[in-house]
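For reference, the structure discussed in these notes is given below.
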Number of protein chains: 2
Amino acid sequence: MSKALVLVVDDEPRYLKLVRYNLETAGYEVVTAPNGEEALSLAAGQNPDLIILDIRLPGIDGYEVCTRLREFSSVPIIMLTAKGEEQEKVQGLRLGADDYVTKPFAADEFMARVEAVLRRSHIPELNPPIHTVGALSIDCAQRKVTVGGREVSLSPTEYRLLQCLAVNAGRVVVQEELQEKAWGPEYREHYEGLRVFIRRLRQKIEKDPEHPTYIITKPGIGYMLATPA
Amino acid sequence: MSKALVLVVDDEPRYLKLVRYNLETAGYEVVTAPNGEEALSLAAGQNPDLIILDIRLPGIDGYEVCTRLREFSSVPIIMLTAKGEEQEKVQGLRLGADDYVTKPFAADEFMARVEAVLRRSHIPELNPPIHTVGALSIDCAQRKVTVGGREVSLSPTEYRLLQCLAVNAGRVVVQEELQEKAWGPEYREHYEGLRVFIRRLRQKIEKDPEHPTYIITKPGIGYMLATPA
DNA sequence: GGAAACTGTTACGTTTGCGTAACAAATCCA
DNA sequence: TGGATTTGTTACGCAAACGTAACAGTTTCC
């Protein structure tokens with residue numbers, strides 16, 4: 001079975017990157033468009049399985065895109081709306097959107113909605129991956145982490161951090177990226193909490209937290225989730 | 001493979017006979033229901049491969065049937081609508097129907113759509129209408145829940161909540177989705193009653209409600225109905 | 001019309017998670 | 001070597017999340 005293709009439409013590069021990252025991490029193919037015109041053109045040409053559509057767009061806005069899309073396609077649509085704009089949501093759903101997510105959003109909630117919509121639309125969703133690194137395994141569907149068969153309970157932040165490391169297992173992840181992915185774009189620099197959470201993670205998953213074998217430090221660069229020899 | 005089974009739901013005997021004739025001539029197995037209640041019961045019990053569903057029904061109407069069906073089954077649905085009722089079609093498709101045919105219709109057009117829908121949805125396997133998680137079982141047709149053979153009586157809200165968890169058993173369901181599915185879209189955010197009903201559910205289905213094994217909390221995210229090891 | 005069940009709301013105590021600061025240890029570089 | 005920078009560790013206060021109980025309004029059903 002081939003990957004599902006998702007078209008993401010947003011004029012904020014920040015969100016474009018964020019959404020792309022989350023979707024690709026989960027195994028989806030992603031194409032992006034920064035405005036309505038390109039979105040319609042891409043939708044027609046590429047036949048995506050799902051469209052993530054921001055309402056506020058330069059030029060033709062999200063509503064118009066939605067309407068025009070529905071003239072030739074029944075592809076599922078998830079709208080991105082600003083917080084608290086109640087009528088935006090209602091209007092969007094009336095125009096044929098399938099669901100909406102309010103900005104800003106948590107990655108978990110967003111992905112849950114993506115999968116829910118795909119499930120509803122009979123589009124085979126991808127099996128959420130189970131990352132395995134040595135005796136460490138991360139079940140994304142159950143949000144369950146086990147080390148050597150024993151389940152360890154992580155806080156949401158610890159989990160996000162570990163997941164970010166697991167996706168890039170075997171490669172160094174620079175600090176800024178970790179902070180951006182686990183805490184959000186505004187935590188990209190000057191954040192002193194990363195070390196603390198690395199510590200907490202090590203205490204939970206490492207056999208000997210003082211001599212870590214999974215989360216190893218790359219001084220001056222970042223951290224790496226390593227497969228122990 | 002044995003013949004595909006088609007459930008036809010219509011209150012007009014004329015159409016019931018017509019549709020049955022066309023389908024049986026083409027080699028399909030047919031069961032019929034004159035109203036929504038029987039339709040749901042038959043759908044749950046017989047596991048049809050396709051449902052032909054009239055919108056205008058006495059008692060619970062086609063929309064409601066559609067929604068309820070989608071709670072436990074992803075069976076393809078073709079709706080029958082009156083001519084020119086444009087918004088009926090849109091609404092129906094939103095609720096999970098796969099296609100629609102306007103009455104009156106020509107036999108060949110109708111059969112073409114039936115075959116198209118069946119071709120399009122080569123269903124890997126139909127969801128059994130009885131969810132089983134450990135000693136817990138949920139009979140969607142009878143709305144009956146038993147734990148260890150003993151029947152427990154749930155309130156409507158409790159049932160909806162449990163069902164939403166059961167459909168996604170083994171994966172985390174975010175709070176907003178639970179609230180939306182069990183209470184409606186307007187309860188998607190800022191609803192503090194969820195915890196209360198989780199509590200009430202646990203008291204009814206958990207052996208030791210203080211240390212739940214079925215409904216487990218995923219802090220900061222939502223809840224999950226766990227499949228015991 | 002009255003009792004029972006159901007639902008939503010509020011309040012409150014407990015737990016957990018989070019970020020910051022402060023300091024120790026290790027590392028890097030001149 | 002010695003100072004500066006980076007990393008590791010611990011502790012603490014605040015905020016948020018969660019579980020629970022109690023209550024009041026509503027609905028349902030005899």
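Proteins come first, then strands; the chains are lettered A, B, ... in the order of their sequence lines, and each starts at number 1.
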Can you see if the side chain of [X] gets near the phosphate of [N] - specifically, an N or O under 4.0 Å from OP1 or OP2?
X       : N       : value
T157(A) : dG17(C) : no
Q175(A) : dT7(D)  : yes
W183(A) : dC18(C) : no
T217(B) : dA17(D) : no
R199(B) : dA21(D) : yes
Y223(A) : dG8(D)  : yes

How many whole angstroms separate atom [atom1] of [X] from atom [atom2] of [N]?
X       : N       : atom1 : atom2 : value
I221(B) : dA17(D) : CD1   : P     : 11 Å
I198(B) : dC18(D) : CD1   : C1'   : 11 Å
L194(A) : dT6(D)  : CG    : P     : 14 Å
Y187(B) : dT7(C)  : OH    : C1'   : 9 Å
E210(B) : dT14(C) : CD    : P     : 15 Å
L161(A) : dG19(C) : CG    : C1'   : 15 Å

Less than 6.0 angstrom from the centroid, inside 45 degrees of the normal: does K218(B) satisfy that with respect to the ring of Y223(B)?
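Cation-pi check for K218(B) and Y223(B): fails.
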
Does the ring of F110(A) carry R113(A) above it, NZ/CZ under 6.0 angstrom from centre and within 45° of its axis?
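No, R113(A) and F110(A) do not form such a contact.
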
Sub-4.5 Å side-chain heavy-atom contact between L225(A) and N168(A):
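Heavy-atom side-chain distance check fails, nothing below 4.5 Å.
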
Find out whether L165(A) and I215(A) are in side-chain contact, i.e. whether some heavy atom of one side chain is under 4.5 Å from a heavy atom of the other.
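With C-beta onward as the side chain, the pair touches.
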
On DNA chain D, nearest-nucleotide positions of R200(B) versus K218(B): which is more 5'?
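With R200(B) and K218(B) compared, the 5'-side residue is K218(B).
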
Base, sugar-phosphate, or nothing for E192(B), non-hydrogen atoms under 4.0 angstrom?
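Counting heavy atoms under 4.0 Å across all strands, the contact made by E192(B) includes a base.
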
Identify which nucleotide among dG8(D), dG17(C), dT7(C) has an atom closest to any side-chain atom of R195(A), counting heavy atoms from C-beta outward.
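For the R195(A) side chain, the nearest candidate turns out to be dG8(D).
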
